[in-house]
Amino acid sequence: MSSLQTLLAPSLSISFSSSNSKPRYSPLESLETCSSMAQLKQNHAHLTKLGLSSDNDAMGRLIKFCALSNDGDLGYALYLFDTLPHPDAFIYNTLIRGYLLRRQAADCIVLYLRMLQDSVLPNKFTFPCLIRACSVDGAVEKGAQIHAHVFKFGFANDGFCLNNLIHMYVDFKALENARKVFNKMPRRDVVSWTTLISGYAQLGLVDAAFEVFERMPERNSVSWNAMIAAYVQSNRFHEAFALFNRMRAENLALDKFVAASMLSACTGLGALEQGEWIHKYIRNKGIELDAKLATTIIDMYCKCGCLEKAYETFKGLTYKSISSWNCMIGGFAMHGKGEAAISIFKDMEKQGIVPDNITFVNILSACSHSGLVEEGRYYFQYMTRVHGIEPMMEHYGCMVDLLGRAGLLDEAKKLIDQMPMTPDVGVLGALFGACRIHGNFELGEQVGKRVIELEPNNSGRYVLLANLYVKAGRYEDMANVRRMMNERGVKKVPGFSVIELDGEVNEFIAGGRDHPESKEIYAKLDEMLDRIRAIGYVPCGAEGVVEELDEEEEKENPLNYHSEKLAIAFGLLKTKAGDTFRITKNLRVCRDCHHASKLISKVFDREIVVRDRNRFHHFKDGECSCKDYW
């Protein structure tokens, strides 16, 4: 029996002096129920009176509360530590954990060195915290030294230590070292495999991650989510869906992490029906709807073109986090509903939610997409005047876009000149696009050349400058831009459009004929074009003497065969008058497709919702929700 146990033995039992008396607990038991520093200090005084101020068992319990409890005080823990003549490994480990909890990683290593100097042997609980401390601090060399100590002190076969080493090397992006630790492990558990999968995924090596996933002897929901998330983060949404369907076929339950990853995949593909199924599953299974998952659901509905359900979900939340408010404001912004976005913002402030810089990016974006110039100017000043938020690059980009779209190019340029930081390609790109819209060739050429030098691999920048030259009749300069693209090996991003019907995602590329119903789709496309020509449709490329370069889809594919038109033709085949279908496009809608979509919605009595790279377009009764302000 330890000295502490010997001294306290008589008082370990509970005794009663009368029927109304309360039980008396020993000092040792009082330490276990301690809930504040004031109570702890009373216990410390009591133990000191009992002569236990140097007892590692008693002081270790005090130090544990001080170092690890939310109500503790690490400074007091260190004071107690310094009074001990011979602190043991438990006490050192507790303080190392305390430092780690406060992200004082360097202090963890310093304390470990003192531990060694005091000839206290580390144990298997010492190294996991030290390894994580090296990860937190990015201490590569120290991490390698701790790795050596794991082996030196006999823990080369300890799975917990080795899993932490794999995680550390993943954090260091040293996958070769992580793989070496993994390969030498005598026993690998699910954590070992999953950590390695995440490591490959973080470096974009998704196929290598999948190879590891396939070799796993057993998997849990964390493993499945790691691989699904890897596909989602790499925009390989079809593969994410395939893996998700395989997971369901194996009768594995969906948790909130897999749900969040798959909702992001639905968002990426515009797969509304699949997103609705996952949302329904979350409700039916009672999966915890935390702030992150709630925001992901709202974001899915917004970006899949169903703003009504996004708002319904938002309104139904018992607790609305700042991310939920921001997401809803951003949703209204991308759908061109600036007034609604501002109204939501006002409700947010009334409820005492303090906006952040993302809130104002979304508000300014809402003003830009809706042409609310005065409101945009107001909130640009308001964010600093009322909330003390200094404009960041994104805020300037929104304002330049707002002013530029409204034709206020001089004011936009003046704002750029007054920026406290050097404008990035996003800010200059907004001005560049506005110059093309409003025909300011001199400023457009000047800004366009700067943008190309800042972003030399973005094909859209070259095409925009070339089209500016076409409008100005400067065909030789246009040819020079094309030549520059070829010399630099700049390739256009292939355009594609996705439509989901009956839970199935269909993808189309310009001029593509791989779809199993290709014959019927092209027949419907011909009918579609004939019917809108009958009410005055003229392809936009045929309006001028010289066709502009199409910045969104290869010119070799005629305007008639753009991916969006193919997706619309498929949608018409599969729906009836009065229906709504939704299309997601990876690039900006071209002028001709925008014009044609308005007419198609009228002739065929459909509502066509299109999400392009920048925003949503709701085509109905021959009109677009953007009011041609795009």
Side-chain angles (χ1 to χ4, degrees), residues 330 332-339 341-342 357 360-383 391-455 458-472 481 548-549 551-552 587-591 594 612-617 624-630:
F332 280 120
M334 72 177 72
H335 283 266
K337 298 186 178 295
E339 293 87 352
I342 291 172
N357 67 297
F360 285 102
V361 168
N362 290 343
I363 282 291
L364 294 175
S365 176
C367 294
S368 176
H369 285 312
S370 300
L372 303 176
V373 177
E374 289 304 319
E375 291 85 345
R377 287 177 179 141
Y378 172 79
Y379 283 110
F380 188 69
Q381 300 295 327
Y382 180 86
M383 59 185 280
M392 299 167 66
M393 193 73 75
E394 295 84 353
H395 302 108
Y396 281 105
C398 289
M399 279 304 295
V400 170
D401 189 53
L402 169 63
L403 297 170
R405 287 177 188 274
L408 302 170
L409 298 180
D410 290 339
E411 186 177 344
K413 186 175 185 305
K414 183 179 178 182
L415 181 64
I416 291 174
D417 293 339
Q418 293 173 348
M419 286 174 62
M421 71 283 283
T422 303
D424 68 2
V425 70
V427 174
L428 294 173
L431 181 60
F432 184 27
C435 289
R436 186 210 174 194
I437 292 170
H438 297 288
N440 190 322
F441 304 115
E442 183 179 347
L443 180 59
E445 180 181 33
Q446 173 191 339
V447 177
K449 288 180 177 179
R450 284 182 67 188
V451 166
I452 286 174
E453 292 312 309
L454 287 171
E455 208 170 39
N458 186 329
S459 62
R461 307 301 188 186
Y462 293 87
V463 175
L464 202 60
L465 182 59
N467 284 340
L468 196 71
Y469 286 138
V470 169
K471 278 193 171 183
V481 173
E548 293 185 19
L549 302 175
E551 69 178 290
E552 302 308 333
L587 302 172
R588 189 179 66 88
V589 174
C590 75
R591 290 182 302 122
H594 189 271
D612 74 3
R613 185 175 60 194
N614 298 328
R615 61 168 298 156
F616 272 89
H617 301 267
C624 179
S625 60
C626 75
K627 299 179 176 63
D628 294 336
Y629 193 82
W630 60 286

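What you see is a predicted model; the values in this text were computed from it and never measured.
- For the ring pair (Phe, Tyr, Trp, His ring centres under 6.0 Å) condition, the pairs that include at least one residue of residues 391-418, sequence neighbours left out, are Phe380-Tyr396.
- You'll find the side chain of Leu415 reaches within 4.5 Å of the side chain of Leu403, heavy atoms only.
- Listed here is the closest heavy atom pair of Gly460 and Asn458: N-OD1, 2.9 Å.
- Between Ile342 atom CD1 and Glu375 atom CD the span is 5.0 Å, to the nearest 0.5 Å.
- Between Ile363 atom CD1 and Ser368 atom OG the span is 12.5 Å, to the nearest 0.5 Å.
- Of all non-hydrogen atoms in Leu364 and Gly376, the two that sit nearest each other are CD2-O, 3.5 Å.
- Side chains of Phe360 and Glu394 form no contact here, defined as non-hydrogen atoms less than 4.5 Å apart.
- Across Cys435 and Gly444, no two heavy atoms sit closer than the pair CB-CA, 3.5 Å.
- Of the possible polar contacts, none joining the His594 side chain to the Val589 backbone as a donor-acceptor pair under 3.5 Å is found.
- The CG atom of Asp628 lies 11.5 Å from the CZ atom of Arg591; values are rounded to the nearest 0.5 Å.
- Residue-environment remark: CD (Gln418) exceeds the threshold of 12 foreign heavy atoms within 6.0 Å.
- Looking at heavy atoms from C-beta onward, Met383 lies out of side-chain contact with Asn357 at the 4.5 angstrom threshold.
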Test salt bridge (Lys or Arg N to Asp or Glu O under 4.0 Å) on Lys449 and Glu445; report intermediate values, then the result.
CA-CA 6 Å; Lys449 288 180 177 179; Glu445 180 181 33; 3.7 Å; yes
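- Here the side chains of Leu402 and Val373 are in contact, with some heavy-atom distance below 4.5 Å.
- Contact annotation: the side chain of Leu443 approaches that of Leu431 to within less than 4.5 Å [non-hydrogen atoms, C-beta and beyond].
- Taking CE from Met334 and CZ from Arg615, the interatomic distance works out to 11.0 Å, rounded to the nearest 0.5 Å.
- Counting non-hydrogen atoms of other residues, nucleotides and ligands closer than 6.0 Å to CZ of Arg450 gives a total of 12 or fewer.
- Using modelled atom types, one side-chain atom of Ser370 and one backbone atom of Gly336 make a donor-acceptor pair closer than 3.5 Å.
- Atoms CE and CE, from Met419 and Met399 in turn, are 12.0 Å apart once rounded to the nearest 0.5 Å.
- Judged purely by atom type and a 3.5 angstrom limit, His438 has no side-chain atom pairing as donor or acceptor with the backbone of Leu409.
- Across all non-hydrogen atoms, the minimal contact from Ser625 to His335 is OG-O, 4.4 Å.
- Shown here are the ring-ring contact (aromatic ring centres under 6.0 Å, His included) partners of Tyr378, two or more places apart in sequence or in another chain: Tyr382.
- Val400 approaches Val427 most closely through the heavy-atom pair CG1-O, 3.7 Å.
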Apply salt bridge (Lys or Arg N to Asp or Glu O under 4.0 Å) to Lys414 and Asp410, showing your working.
CA-CA 6 Å; Lys414 183 179 178 182; Asp410 290 339; over 6 Å; no
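- Taken from CZ in Arg377 to CG in Leu372, the straight-line distance is 12.0 Å, to the nearest 0.5 Å.
- When all heavy atoms are compared, the tightest approach of His617 to Cys626 is ND1-SG, 3.6 Å.
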